[in-house]
Chemist: 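My structure is below; once you've seen it, I'll send some questions.
Computation of the quantities below employed the complete heavy-atom set of this structure, encompassing side-chain atoms and omitting hydrogens, waters and symmetry-equivalent molecules. Counting starts at 1 for both ligands and their atoms, following the listed order. If you're wondering where the values come from, they're calculated on a predicted model, not measured in any experiment.
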Amino acid sequence: MNHNILHSNMKIVIDCDDAALALKKTIVSHLESRGVEVTDLDYLGSRPGAFYPEIGYNLALKIQDGSFSRGILICGTGLGMAMIANKVEGVYAGVCHDVYSAERLRKSNDAQILTMGARVIGSELAKTIVDAWLESEFQGGGSQPKVDQMRMLEKESFLKAKAQ
Ligand code: RB5
């Protein structure tokens with residue numbers, strides 16, 4: 001694996017809902033032990049009882065406004081977090097519970113947010129998935145026109161919604 005991608009200006013942010021507090025802690029410690037700086041938004045700390053949509057939305061907005069370049073969202077399944085993050089214009093997220101998908105999420109799909117389910121995978125696999133995702137970058141090439149098309153269709157959809 002190429003470890004050079006973990007450059008210092010990569011700003012990483014993380015958060016989770018009540019189903020994933022232990023896994024989030026594990027991932028934060030793992031990243032810190034690798035010397036990777038990560039900001040834990042800890043939305044639940046200030047708003048106990050918050051549901052995954054507002055937690056995921058809060059993080060996705062920070063990707064949208066450029067405060068962070070990459071984000072990790074963890075809930076019970078990873079599904080709800082991916083769904084809400086993808087509702088934020090210009091933000092792309094995918095659920096990964098295997099290493100190959102985590103690599104492709106960056107290399108082919110250019111997604112900024114990785115989501116995982118704490119009730120689906122164990123902590124060792126989650127750490128390996130995070131590493132694979134962090135060490136992968138968008139490759140362009142044949143994936144570029146596909147990602148461009150996704151952005152174009154997204155714009156069309158948001159414009160339609162705004163016009164209504
Ligand atoms: C629990 O609230 C569960 O619904 C949530 O963590 C997540 O799995 C949703 O997709």
Chemist: Which protein non-hydrogen atom lies closest to atom 8 (O) of ligand 1, naming both residue and atom, and how far is it?
Modeler: T77 N, 2.9 Å

Chemist: Flag M81 as yes when one of its N or O atoms lies below 3.5 Å from any N or O atom of ligand 1, and as no otherwise.
Modeler: no

Chemist: With rounding to the nearest 0.5 angstrom, report the CD1 to CE distance, I72 to M116.
Modeler: 6.0 Å

Chemist: Has R104 got its NZ or CZ under 6.0 Å from the middle of the six-membered ring of W133, at an angle within 45 degrees of the ring axis?
Modeler: no

Chemist: Using a strict cut-off of 4.0 Å, indicate which atoms of ligand 1 neighbour a heavy atom of G76.
Modeler: 5 (C), 6 (O), 7 (C), 8 (O)

Chemist: Any donor-acceptor pair under 3.5 Å linking the side chain of Q112 with the backbone of Y92?
Modeler: yes

Chemist: Considering only the protein, which heavy-atom contact is closest to atom 4 (O) of ligand 1, and what is its distance?
Modeler: Y52 CE2, 4.1 Å

Chemist: Who's the nearest protein heavy-atom neighbour of atom 3 (C) of ligand 1, and how far?
Modeler: R119 NH1, 4.0 Å

Chemist: Not counting sequence neighbours, which residues clear side-chain contact (heavy atoms from CB on, under 4.5 Å) with L153? List them please.
Modeler: Q149, E156

Chemist: Which atom pairs, donor and acceptor, lie under 3.5 Å between side-chain atoms of residues 49-64 and protein residues at least two apart or in another chain?
Modeler:
unit_1 : atom_1 : unit_2 : atom_2 : d
E54    : OE1    : Y43    : OH     : 2.5
Q64    : NE2    : E89    : O      : 3.0

Chemist: Can a donor-acceptor pair be found, under 3.5 Å and without considering hydrogens, that links the side chain of D65 to the backbone of S67?
Modeler: yes

Chemist: Show which atoms of ligand 1 fall inside a sub-4.0 Å distance from at least one heavy-atom site of A19.
Modeler: 6 (O)

Chemist: I need the nearest protein heavy-atom contact for atom 2 (O) of ligand 1: residue, atom name and distance, please.
Modeler: D17 OD2, 3.8 Å

Chemist: Can you report which non-hydrogen protein atom sits closest to atom 10 (O) of ligand 1, along with the distance?
Modeler: G80 N, 2.8 Å

